[in-house]
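Have a look at the structure below before the remarks.
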Amino acid sequence: MTHRLCAVAFTALACAPARPAPAPTPPPVSARPRLVVMITVDQLLPGYAERWPGQLTGGLARLFAEGAVFTHAYQDHAVTETAPGHATVLSGRWPRHTGIIDNGRGVGDTAAPLLEVRGPGASPRRFRGTALFDWLDAADTAARALSVSRKDRGAILPVGRAREDVYWYQAGTFTTSRYYRDSLPSWVRAFNARRVPFEAADRAWTLLLADSAYAEPDSAPWENGGRDVTFPHRLPADSQRAAAVFAGTPWIDSLTLALALEGVAELRLGRRGSTDLLAVSLSATDAIGHTFGPDSREVHDHILRLDRYLAWFLARLEAGVAPRQLVVVLTADHGVTPFPAAARARGVEAYDVALDTLMAAVNRELDAAFRSQHDPERWLVLDGGMVFLQDNGRLGAAGIALDSVWTALAARVRRVPGVARVDRPADLAGADTVTDAVARRWMHHLAPDLGVPLVITLREHSAWARTYADHGKPSDADAHVPLVFWGRGVRPGHYDGRAATVDIAPTLARLLGVAPGPALDGRVLGEALTPEP
Ligand SMILES: [Zn+2]
């Protein structure tokens, strides 16, 4: 029952190893590492590692102190959301090549229903090409992968299209979809049977450290729509509702890590003579960051907990798989922009940008030009700064001069406060991609056949109008992520050259001595590898 304690404990330090994992005699050091661990922390900002000196003492602190740390690493594409970010980390390719351009066009798949729980079906059917696990599998068909997350997209996309052990959280239990299998394995069922999220009903999230350790105000007017803004944050007394709210607390990360460790033990990952992959995506930082903002006391407390959880997780991995056999990578799927209201409160010019009225007007004008006899069409849809034309060629065929439509629309959008620029994707090819990060990120994002005639970029500090702090733009705030390699074959240190999340897969392929897939966008970060891994 140790996992149960870990999941709801106020500190993971209370988590003792559940089972004595080490073999009596450690196996000889193999030619290549036996377990690759990809940790993606949803919305983790690189600055968190240094923001609270002396307070990070666990796994995060350890990875940053002992690893190869890339200080200028980016999810270097435009729509910095969870699905495209997770699709880059182990594929080595940009969204324009993975086909995963936003969450809405991510993993949703009605043909792949969930097992044993109601919720949206999901699969990697939209993901194009291969990823690291396919390369490992091509070198050794005995290789296995386990990928776990609170989110379907966080679990699915790091392993590409591979039908491996892939599990995510839905309404209090971990599940998978029929894309992967027809029934849940007994170890996942047994894990779910502990009902940890349900039994967390009425529990309170309190501060880990003394109140004086937190410089942030506990309450700010923009937090959580004004509800439940101060500690302690109590889960609902109803167990079903508690299991839903549990997904937005620090404890979901502890539970996800516990499932990962259970799977490593059950599947004997890293102990079978092959090189296996464990991918873990942790989502609490994203939920808490959206709700309270990245400068909140809640994010501070959660990162302290995440740090302790990761200490426990790494120690357990080292106990089960010899330390010399491990390589760990830590990154994030995206950053975040603080609430514009918080920026304004500091005297910074910032806008909550809404274009719904303008887009509705343009759709009505196109209806009038098309002389639509039917219900008004939504010819243009704005999503993540991308304007999608969904007319099936009818507007052009009706003689409507689309070029002038785009020119006029761009001019109107440019006048909206908070809008930095509006680009025609075709024009971006001429941009200086070294100095113009926005152009570079859009080029990395958009396949030429996507049907996106315009892209809109907001100014720094501004955001699309939401009730929560958000990400998804091609800004440094949303694109800058931590990137740390740690373990076998890694040369520790700080590396200040520009790196990107598409560099992770080719770097791991080199470290593991496997052939990468074709046409990668990333490069091998050879500076962070020892000469003979
Ligand atoms: Zn998010």
Side-chain angles (χ1 to χ4, degrees), residues 39-48 73-89 95 98 100-108 119-120 122 148-158 168-170 222-225 244-253 256 279-296 298-300 302-303 306 330-343 352-353 383-386 441 445 458 461-482 501:
I39 304 171
T40 309
V41 179
D42 203 318
Q43 204 188 113
L44 182 69
L45 301 187
Y48 292 155
Y74 296 89
Q75 288 276 4
D76 209 22
H77 52 255
V79 184
T80 41
E81 293 181 350
T82 292
H86 279 84
T88 65
V89 293
T98 63
I100 305 295
I101 60 163
D102 62 9
N103 285 342
R105 297 158 189 83
V107 296
V148 297
S149 175
R150 184 202 109 193
K151 296 181 179 176
D152 50 9
R153 50 197 175 273
I156 290 171
L157 293 166
W168 59 92
Y169 186 83
Q170 178 68 33
W222 40 84
E223 288 185 358
N224 199 21
V245 176
F246 189 89
T249 70
W251 305 316
I252 188 68
D253 285 355
T256 305
V280 182
S281 167
L282 300 172
S283 304
T285 313
D286 187 63
I288 296 164
H290 278 305
T291 304
F292 299 99
D295 302 316
S296 62
E298 283 79 3
V299 162
H300 179 171
H302 167 61
I303 297 298
L306 174 67
L330 173 77
T331 192
D333 54 347
H334 53 71
V336 67
T337 297
F339 284 98
D352 296 275
V353 181
D383 210 347
M386 300 176 284
R441 289 171 185 154
H445 211 89
L458 302 186
H461 308 297
S462 292
W464 298 108
R466 302 276 189 264
T467 55
Y468 46 85
D470 208 7
H471 52 83
K473 306 179 301 304
S475 62
D476 280 1
D478 289 4
H480 190 196
V481 292
T501 51

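Note that ligands are numbered from 1 as they come in the structure, with each ligand's atoms numbered from 1 the same way. Predicted model only: the values in this text are computed from it and were never measured.
- When only modelled atom types and interatomic distance are considered, Gln75 and Thr501 share a side-chain donor-acceptor pair under 3.5 Å.
- Salt bridge status for Arg150 with Asp286: absent, with no side-chain N to carboxylate O gap under 4.0 Å.
- If you check the side chains of Thr291 and Asn224, you find no donor sitting under 3.5 Å from an acceptor.
- Within His290, the N, O or S atom lying nearest to the Zn ion (ligand 1) carries the name NE2.
- Taking 2.8 Å as the threshold, His471 counts as a candidate ligand of the Zn ion (ligand 1), since one of its N, O or S atoms lies below it.
- Taking backbone and side-chain atoms together, Asp286 has an N/O/S atom less than 2.8 Å away from the Zn ion (ligand 1).
- In this structure, a donor-acceptor pair under 3.5 Å is absent between the side chains of Asn103 and Thr82.
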